[in-house]
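Working notes, structure below.
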Amino acid sequence: MSDELKAASSVDAVIVGAGFSGLYLLHRLRKLGFSTRLFERGGGVGGTWYWNRYPGARCDVESMQYSYSFDEDLQQEWPWPEKFSAQPDILAYANHVADRFELRRHIDFDTEVNAAHFESGSRRWKIETDSGERLTAKYFIMATGCISTAQTPKLNGLTSYRGNTYHTGSWPHEKVDFTGQRIAVIGTGSSGIQTIPVLAEEAAHVTVFQRTPNYSIPSRNEPMTLEYADSWKNGYQEKRAEMRYAPNGVLREFNNKSALSVSESERQATYETRWKNGGSGFVAAFNNILTDQASNDSASEFVRNQIRRIVKNSETAELLAPKGYPIGTKRLCVDSDYFETYNRDNVDLVDISDAPIDRVTPEGLVANSQHYTFDSIVFATGFDAMTGTLFNVDIRGTDSVALKKKWYAGPRTYLGLMTAGFPNLFMITGPGSPSVKSNMITSIEQHVDLVTDSLVHMRDQGLDLMEPELDAENDWVEHVQVVAHKTLFPQANSWYMGANIPGKPRLFMPYIAGVGVYREICEKMVADGYAGFHFEAKTAIAAE
Ligand code: N01
C-alpha cells in the first residue's frame with residue numbers, strides 16, 4: 001500500500017455497503033459497542049434501491065414482508081402505500097431507517113473500498129479506499145448485496161453511438177425524459193419486464209431486443225388497504241417468526257400436492273387461481289413444480305397459453321412464450337401489463353435468439369442484418385451476480401492469496417458466510433446461502449444476527465480469529481450442488497448459474513434447500529460450538 005496514503009486508523013469492523021444488510025449490521029454492531037466504519041460507493045443509503053431507479057422498478061415481494069422485523073415500533077409505524085412497493089417508496093424507507101437509528105453519520109458515502117489485505121502477524125485487515133484512506137480492522141464485512149455490479153455487454157461500436165445509453169442497474173437520479181424518442185431496450189429479465197411497459201407509455205417507439213423470453217406472472221399490485229396492513233401488524237411477531245422458517249422467507253399459500261396427483265381440471269383451476277391472484281407464488285401452486293419435469297411442463301404450458309391469449313399478434317406471442325427451460329429456473333418475473341404492452345402500436349419485439357446484436361452504430365444498432373435507428377438505448381442486461389461485487393475489491397487472505405484466485409472455479413464458502421484462508425472476513429448473504437432464492441430482508445437479518453453473535457462470542461471468549469475449517473467448507477460446497485441438482489434449476493442458463501457472464505464458471509450459487517432448513521443448520525452449528533469453524537485465542541503479538 002502506498003506511503004502517500006493517509007495514516008491508518010483502526011476500528012473493530014469495516015463494513016462495505018449501506019444497503020439493507022449494511023444498515024442493519026451497522027445498527028447492531030454499534031449497539032453492541034463495536035467500533036465501525038461503513039463505506040458506501042453511492043451518495044446515499046439503500047443499496048440496490050439506490051441504484052435501480054429505472055421507471056417501473058418495484059419489489060416483487062410484498063411490502064409487509066419485504067421490510068425489517070428487528071424493531072417492533074418501526075414495523076408498526078411505517079406506512080407502505082402499495083402491496084408491492086415501488087423503488088422510491090423502498091428508498092424512502094431505507095432513508096427513514098438510517099435517520100431513525102442515527103446511522104448516517106457513521107457512513108462514508110461516495111467512497112469505494114479498493115483493497116482489503118489480511119495481515120497474519122497482526123491478525124488485522126488492512127483496508128484502502130478510493131479516497132486514499134487507509135485503515136485497519138479486526139473484522140472485514142462485505143455487505144455488498146448479490147446483484148450490485150451492472151453488466152453492459154461489450155457490443156462492437158458501442159463507443160461510437162451518438163445517442164444516450166442507460167443501464168437499469170445504474171439509472172440517473174434525475175428524471176430521464178423519453179418523450180418523442182425512439183428507444184431500444186436490450187434484455188427481458190425482471191428489470192426489462194418492469195420497465196418496458198412504463199417506457200412504452202412515454203416514448204414515441206420502443207423496440208425490445210429479446211435473447212431469451214421469460215416467464216412472467218402478473219403482480220396484481222394494488223394500493224395498500226388499512227385492513228390488509230392491519231392483518232399483518234396485528235400479529236407481526238408471530239408472522240415474522242413463521243417467515244423465518246418458511247421455504248423462501250415469505251408467507252404464501254403453499255399447496256402440498258403434486259401437480260400430477262390431481263385431475264387435469266383441478267390442475268388448470270389451480271393455475272387459474274394463482275394467475276388471478278398474481279405474484280411469484282405461482283410456482284407454489286404444487287409442491288413439485290421446481291423438481292419434477294412433467295409437473296413443471298404443465299405449469300410452463302399454462303403460462304405460455306396465457307401469453308398466447310394476451311398477445312394479439314400470434315407471431316409475437318410465440319416469440320414471447322418461453323420454451324426450452326423450466327418455469328422458475330430463471331428468476332420468475334412479476335409484471336404489470338408486460339405482455340399487454342406488445343399490443344401497443346409503438347412497441348416491437350426483435351428476436352435475437354439465433355444471432356447476437358451485430359454492432360452499435362453512431363445512429364443505432366444492427367441486428368439480424370437490419371439497421372435500427374434510436375435516440376436512446378436502455379440496457380436491461382443484468383449483473384455479474386453473487387461474486388462480481390466481491391471481486392471488485394482486491395481481497396487477499398492468508399499468504400496474500402486473492403479471493404478471486406481461490407474462487408477461480410466458482411465460489412467456495414462455508415454456509416455462504418465465510419471462506420477458508422480469509423480469517424474474520426464475513427459475507428452477508430454470500431454465495432452458498434439462500435440469499436437471492438429468498439426474501440432478501442429475511443435472509444439479511446438472519447446473517448447479520450449470526451455474524452454479530454459470532455463477534456460477541458469471540459469477544460466474550462477472548463478469541464481473535466475465526467475461519468471455516470477446509471473440510472467443513474468442502475462438504476458445504478458439495479452439499480449446495482447436490483441440493484441444486486435435485487431440482488430443475490441447473491437446466492437453465494441463468495445468472496444463478498453464472499451463465500449470463502461470458503467465461504464465468506457454471507455452478508448453482510445460492511443454497512436452495514430453503515430458508516428454514518438453512519436457519520436450522522446454522523442454529524445447530526452454533527449449538528454444537530460453532531461446528532466447522534476454527535477459532536484462535538488472542539496472542540501477545542496480535543493484541544499489540
Ligand atoms: O437482469 P437479468 P435483470 N444481448 O440477468 C439479456 C433482481 N430484480 O436486471 O436471458 C442481449 O435477469 C438477458 O438475456 P439471457 C432479480 O433477482 C428484481 O432483469 O441471458 N441480451 C436477459 O434477458 C433479477 O433476476 C426485481 O439470454 C442480453 C436480460 O438481458 C435480477 O435482479 C426487479 C445480453 C438480463 O436479465 C436481475 O434482473 C429487477 C446481450 N449481450 C431485478 N446480455 C424485482 O424485485 C444480457 N442480456 C421485481
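Note that ligands are numbered from 1 as they come in the structure, with each ligand's atoms numbered from 1 the same way.
Considering only residues two or more places apart in sequence or on other chains, E77 meets the side chain to side chain donor-acceptor pair (under 3.5 Å) condition with R100. Contacts of Y166 classified as ring pair (Phe, Tyr, Trp, His ring centres under 6.0 Å), with partners at least two apart in sequence or in another chain: W171, F178.
For the residue pair D60 / S280, no side-chain donor-acceptor distance below 3.5 Å is found, with atom types taken as modelled.
Each of F383, F508, Y325 was checked for a ring-ring contact (aromatic ring centres under 6.0 Å, His included) with Y496, and the lone residue meeting it is F508.
Within the structure, side chain to side chain donor-acceptor pair (under 3.5 Å) contacts touching residues 185-199 (residues at least two apart or in different chains) are Y54-Q194.
Other residues, nucleotides and ligands place no more than 12 heavy atoms under 6.0 Å from the NZ atom of K154.
Near ligand 1, Y54, R58, C59, D60, I147, P153, I186, G187, T188, G189, S190, S191, Q194, R211, T212, K330, R331, I352, A380, T381, G382, F383, W495 each place a heavy atom less than 4.0 angstrom from the ligand.
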